[in-house]
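Quick note: numbers below take in every heavy atom, side chains included, and nothing from hydrogens, waters or symmetry partners. It should be emphasised that the depicted structure is a prediction, and the values quoted were computed from it without experimental measurement. So you know, we letter chains A, B, ... as the sequences are listed, proteins then strands, and number each from 1.
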Amino acid sequence: MTTSDTVKSAVSADLMRQVADAENRHDPYPIYARLREKRVNLLADGSYALGRYADVVGLLHDPRVSSDPHHASNPGSRLLVDNGPFIQRDPPDHDRLRSIATRYFGPPVSPGVVSGQEPEILSFVSDLIDALPASGEADLVDHLAYPLPVSVICGLLGVPKSDEEQFRAWTEDIVRGLDAEQQQGADDLIRQRQQAQVAMFGYVTELVQRHRAQPDGSMLSRLANDHAGQQMTDGELGATSLLLLIAGHETTVNLTANGVLTLLRNPWALDRLRADPDWVIPLVEELLRFEPPVQYLPNRVALADIDVDGTTIPKGASIVLLVAAANRDPDRFAHPDRFDPDRGDIEHVGFGSGIHYCFGAPLARIEAQASLTAFAGRLASPRLAADPPPYRPSPVLRGPLHLRVTYDKRG
Amino acid sequence: MPGRPAAQRIVVVGASLAGLWGAATLRKEGFDGVLTIIGDENDPPYDRPPLTKQVLTGWVAPDHTVLPHLEPLGDTRWLLGTPAAQLDRRAGEVVLADGTRVPYDLVLIATGVRNRPWPASDQAALSGVCGVRTREDAARLIDHLDAGVSRVVVIGAGFTGSEVASACRHRGIDVTVVEQAQAPLTGALGGVIGDVAANLHDANGVDLRCGVTVQALEGSGGTFRAAALSDGTTVDADVAVVALGGVRNTEWLADSGLASGPLGVAADAGCRAVAVNGLVTDDVFVAGDVARFAHPLFDYQFLTLEHWENAAVGAQVAARNMICAPEDRRPHACVPTFWSTQFGVNIKSVGVPSLADQIVVTQGSTEAGSFAAAYGDRDGRIVGAVTFDHGRWIDHYRGLIEQAAALPGPYDADLPDKREPARFPPHPAASYHGPTVVVTGHSPTAMDAVRQPAGRSAP
């Protein structure tokens, strides 16, 4: 490596540290712009970060890019678990596990599962708003954005809601450690994450056993008891359950909270949504572009030397795909830093792309659409008590920790 | 030279996907003059891919396939139910079969393809002999299937025939598929993939007869009863589905002076029609299944692509080029994608596999029926790809084709690094008899090219 290359990679590494820095959590986008400008960024731990739309989409569809951390030449502490869930697997195991899970979640076998949740989601959102003070102040993370997806995923999977506090703590430790490698105090974060993973894995394994003893119509119960088609092993079933439980609410809470925040920062959009509730459909898509709840995918690995723009990402190197940067690439989107649900062309990568495209996307859409429509429709003159709000710790799954909103009247 | 006056009257001939998207793009790009859409069917534009899939299996009703208007078309004149019969370029008019003359400043030809009919018209008229191209065709076929049938014979195992067979099996109906080639889908995907498709037919209980043709459709009392095959056997059935591909709707252009014929209407990469003498026109544009355009990515070969995406994209490019400044025109250089669903398998294809000499399986397993394969030309450049239940990888191959990259090897470590002949049948173009063109003139710089009246004799 030449001296100037070393300087360049030092700059890249520093930029990625800035993204991870809590000080910048409220607005990482100017840093993403610089990472995008450099196109291929070599980081301090030997990973490569990319943020241009064409590169991110290209690598998301590239068969030479693996999602299995075991292939990394510097696996270090990365999310190494035996029998990982399908998000950390490659074909053919990925395809097998995902298609078994899909059997109980979506078409062609279970086309009505997600849409069947809608009436319950609407009534639960309505109950959550009813429970807010008639006027004054409320935290819309604790009282809207968080409770809805947790309740929905628990019902869908067959997880007792009474265990929520327990798995909330584990989930926080796991999420905080998702991208420990780029953060300060990595060792502690990694140790906590691993402990939480073990504990939570034990919890879901026990839950699966309970579903074997007492089957019901829930997804875990059907996964555990259906012997019609291909089966998951108990280990695979545990890993899948863990993934669905965490991903099923950790991401949607941020989508909804980012949505409330964005609406409050753009009063014209709030008025428009109030007048035209159907507008929530492009609005949520634009949110997924503008403030994606998953900011980057930190754990891909090159299975071969991959050339991008004259730089070779060597075989075994970890690849960080900056979807939040890609979503604001000016080469792809006109006026990318403007929130504009009417742009028409909103082909965001907020849900990823390729074989790992978000499994729960249709459910997340319905949840966010229901929450934001109710928020706009029922709280009069809402405004932010603090802007920016405090953020949750993770730079990967990014969203407000609390969103204190004052309003004149609850409708 | 002064610029051309802005067009006031645009006529779109063809009211299916390409016609609709062309019209919508004209409005979107700001055309506010008189817009007329001519279509031979009575129905407003509808989507054809579901007709052999969701409609035949009974999931979607035939009339629930109307195409949405992605752009408001504003004040648009729809002339539906009467086909165009002539393009009078000297007068600048489209002449309908009923004699109506529709004047234009610019015209977009999007007349598409019709089902190739069974050649013996008396046999084709038997009750139970169906095609699948239009909504009406699909509705008629469903009526037959709903009435209860013992067996359906499908003539031709291209995508349409295979999808019909799949829908029948889905409904529990016995099917015999008769295919002239050695396997299904060989025209589009070659023999290597054809063999995989044949396994699909077998695994799903289709009685597949390859290397055989149907000699006659036999009936009694005006009703179809059996198909007589070239191997001497007879298949008793109640319904025969004729899926022998399409005939391009170009007859109405015979006297137009355009380079049109059974292969389609020739056009440059910018969708401008080419005249008989090889010169590009300024006021006639072509899009969709009927367009035979020079593709920059494939050595400027004239390609016709009967794919949904080609119609939608080509129409948008053509419409834009019709009304933008000449220096802003763009080529229709999109790498085409195609998809099919049959026997529960999602098939996707990108590029132009039929231009290939060789094929390599790159991901998955053909034995398991879940894989990706890439096609290369004789210079080793990738020109196409196909996936069976591997559709989420297709964009990778599209990227390689767009970059004119070398044919990749296998990505999966356990696959053999084996390139084999793709086994495409000889190009059917060789059997077409298009109109003959001759050059005329008295000096080398004053030559022209004209259509020779039929019946040129040997010197």
Seminar exercise, completed: In terms of heavy-atom pairs under 4.5 Å with chain B, the winner among A:Ala304, A:Ala54, A:Pro63 is A:Pro63

Problem set entry | Within 6.0 angstrom of B:Asp32 CG, more than 12 heavy atoms from elsewhere | no

For this session: Assess whether atom NZ of B:Lys28 is packed by more than 12 heavy atoms of other residues, nucleotides or ligands within 6.0 Å.
Result: no

Exercise. Can you tell me how far CG of B:Asp412 sits from CG of A:Leu303, rounded to the nearest 0.5 angstrom?
Worked result: 9.5 Å

For this session: Grab the two heavy atoms, one from A:His61 and one from B:Trp393, that are nearest each other, plus how far apart they are.
Result: O-CE3, 3.2 Å

Problem set entry | Atom pair CD1 (A:Ile355) and CD (B:Gln363), whose distance is rounded to the nearest 0.5 Å | 8.5 Å

Problem set entry | Over 12 foreign heavy atoms within 6.0 Å of CD1, A:Ile100 | yes

Exercise. Taking atom CZ of B:Arg392 and atom CG of A:Leu60, what is their separation to the nearest 0.5 Å?
Worked result: 11.0 Å

Exercise. Checking heavy atoms, do the side chain of A:Pro92, its backbone, both or neither come under 4.5 Å from chain B?
Worked result: neither

Problem set entry | B:Glu420, CD atom: more than 12 neighbouring heavy atoms under 6.0 Å | yes

For this session: Identify the residue among A:Val57, A:Leu59, A:Val65, A:Asp62 that makes a side-chain contact (heavy atoms from CB on, under 4.5 Å) with B:His396.
Result: A:Asp62

Problem set entry | Segment of A:Asp90 engaging chain B (4.5 angstrom heavy-atom cut-off) | neither

